[in-house]
Amino acid sequence: MPAFAVIGAQWGDEGKGKVVDFLAERADIVVRYSGGNNAGHTVIADQGEFKFHLIPAGILWPHLRCIVGNGVVVDPNVFLQEVKGLESRGVDSSRLLVSDRAHVIMPYHVLLDQLEEKARGGAALGTTGKGVGPAYTDKVGRVGIRVGDLLDEKFLLKRLEVVCDQKNALLTRVYGAAPISLEETLGECRRYGRELSQFIASTDTIIQNALAEGKRVLLEGAQGTLLDVDHGTYPYVTSSSPSIGGACVGVGIGPTAIKKVVGVFKAYSTRVGSGPLVSEIQGGMGDVIRQRAWEYGTTTGRPRRCGWFDAVAGRYSAQLNGFTTAVLTRLDVLDGFESVKVCVAYQVDGKTLDHFPGSVSVLERCQPVWEELPGWDQPTASARRLKDLPPGAVRYVRRLEELIGCPIHLISTGPRREETILVRPIVV
Ligand code: IMP
């Protein structure tokens, strides 16, 4: 009954889409467990390039069942658009299910996300503006609408009457915005229910039964551990739990079902939106990495902030998630640099820290302690065997393993499936 989790080990955008696609070949079910369409997973498969925001990246393998788990917040418009896009390219969506317990991102959540960010002014979080935060707020506040509710009009109306009153007080009195109409919101929900009904199911039971039958279930993370609402750089975080705890809650399985926890690390650091990034490189090499790696958000198009690999954050992430395996992506971006740096500790208030502080006010004052390693001249791009890597690159990989305290089983040297080095087998 093995489940395997694939988790973003940094600030998101580590290249999880490709890793999930690679590992999904040997899985039976792939389940997204957290986040919403704030995510953007790119996969280059035989059929061409695909960008997923909500649908699990495993959908491109025809033998798989794909599930949007209860921990995800679902914008029905985005989901249906993605389904349409897939169908138009010949990808069968009948293997796709959405949990009846997943919460719906309603139009007023998108509106509130934008109004709240504007109201924060200089303290804005830099959210993706997709309504993800407000949808999770309503979930915890017990005023959310769940996907299953869309199929029960009487119940839905009762819920919406309360919610619309509450939202209108907020919209008009706090933000001075126009109120929403109960009639229109109900009409929109009826359409969502009609168009989503074929996908809605009690997916937790399906997953539990599949595990009992010995099927292999891949748990697909979104965002990254350092954006986790509990363990990330709060308040500069997303509103869900991208780390391993979120995988159990967001799918409906116990922790003992998870046999492998795969942490996906990028060979350097990036962050989009506000919040501390101790190993950030302002200008110079940071710009070189951004341009070379085209580090612009898949969802918002915003330029990502770039920095060297942060081993303090990496070790924290590995311990927090209990990674059994690490994957290193985008190593090729560092090809040709004379030297590469790694942040091995933080310096703050005259002290050296080797652990990741819990407080953003401390993190914001931390300075990186660098270790400089020789770079490598020969390209790693497209390499398929460890022995094809230049010695400098191998030394870099080995040093990262030591620093994060977790073996690297897989190295990605390009966006295509075949541009992958299997250092040691990952049994999925
Ligand atoms: P939200 O998730 O839209 O509320 O945004 C909260 C923070 O998380 C912002 O800094 C976003 O830029 C960041 N964020 C959300 N999703 C992703 C992602 O998939 N990759 C990288 N950053 C993300």
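Counting starts at 1 for both ligands and their atoms, in listed order. Position 1 is the first residue of the sequence; numbering continues from there.
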Please table the atom pairs, donor to acceptor, closer than 3.5 Å between any side-chain atom in residues 53-75 and protein atoms at least two apart or in another chain.
unit_1	atom_1	unit_2	atom_2	d
His53	ND1	Ala39	O	2.7
His53	ND1	Thr299	OG1	3.4
Trp61	NE1	Asp21	O	2.7
Trp61	NE1	Asp21	OD1	3.3
His63	NE2	Glu25	O	3.1
His63	NE2	Ala27	O	3.0
Asn70	OD1	Val251	N	3.4
Asn70	ND2	Val249	O	2.9
Asp75	OD1	Asn77	N	3.0

Using 30° and 60° as the class boundaries, would you call the ring planes of Phe265 and Phe309 parallel, tilted or perpendicular?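 The rings of Phe265 and Phe309 sit tilted, inter-plane angle from 30° to 60°.
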Aromatic rings Tyr316 and Phe356: how do their planes relate, parallel, tilted or perpendicular, breaks at 30° and 60°? parallel
Option passing side chain to side chain contact (heavy atoms under 4.5 Å, CB included) with Phe199 (candidates Ser94, Ser99, Ser93, Pro76): Ser93
Hey, which of Thr413, Val264, Thr420 is the one that makes side chain to side chain contact (heavy atoms under 4.5 Å, CB included) with Thr329? Val264
For Glu195 and Leu80, indicate whether the former's side chain and the latter's backbone hold a donor-acceptor pair under 3.5 Å.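 Side chain of Glu195 to backbone of Leu80: no pair is present.
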Taking the minimum heavy-atom distance to atom 5 (O) of ligand 1, which of Thr127, Thr233, Leu226, Val132 ranks first?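 Heavy atom nearest to atom 5 (O) of ligand 1 belongs to Thr127.
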Nearest neighbour of atom 6 (C) of ligand 1 from the list Asp13, Val237, Thr298, Val73, on a heavy-atom basis: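 It is Val237 whose heavy atom sits nearest to atom 6 (C) of ligand 1.
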Is [Y] paired with [X] through a side-chain N to carboxylate O contact shorter than 4.0 Å?
X      : Y      : answer
Glu82  : Arg32  : no
Asp138 : Lys167 : yes
Glu402 : Arg399 : yes

Please state which part of [X] comes within less than 4.0 Å of ligand 1, counting heavy atoms only: side chain, backbone, both or neither.
X      : result
Arg302 : side chain
Trp11  : backbone
Leu227 : side chain
Leu125 : backbone
Asp113 : neither

If you scan protein heavy atoms around atom 17 (C) of ligand 1, the nearest is Gln223 CG, 3.5 Å
Closest approach of any protein heavy atom to atom 2 (O) of ligand 1, naming residue and atom: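 That would be Thr238 OG1, 2.6 Å.
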Proximal ligand 1 atoms for [X], defined as those under 4.0 Å from one of its heavy atoms:
X      : value
Ala39  : 19 (O)
Val272 : 10 (O), 11 (C), 12 (O), 21 (C), 22 (N)
Gly126 : 9 (C), 10 (O), 11 (C), 12 (O)

N/O separation below 3.5 Å, Thr128 to ligand 1: yes
Heavy-atom contact under 4.0 Å between Lys130 and ligand 1?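 It does not, in that no heavy atom of Lys130 comes within the 4.0 Å cut-off of ligand 1.
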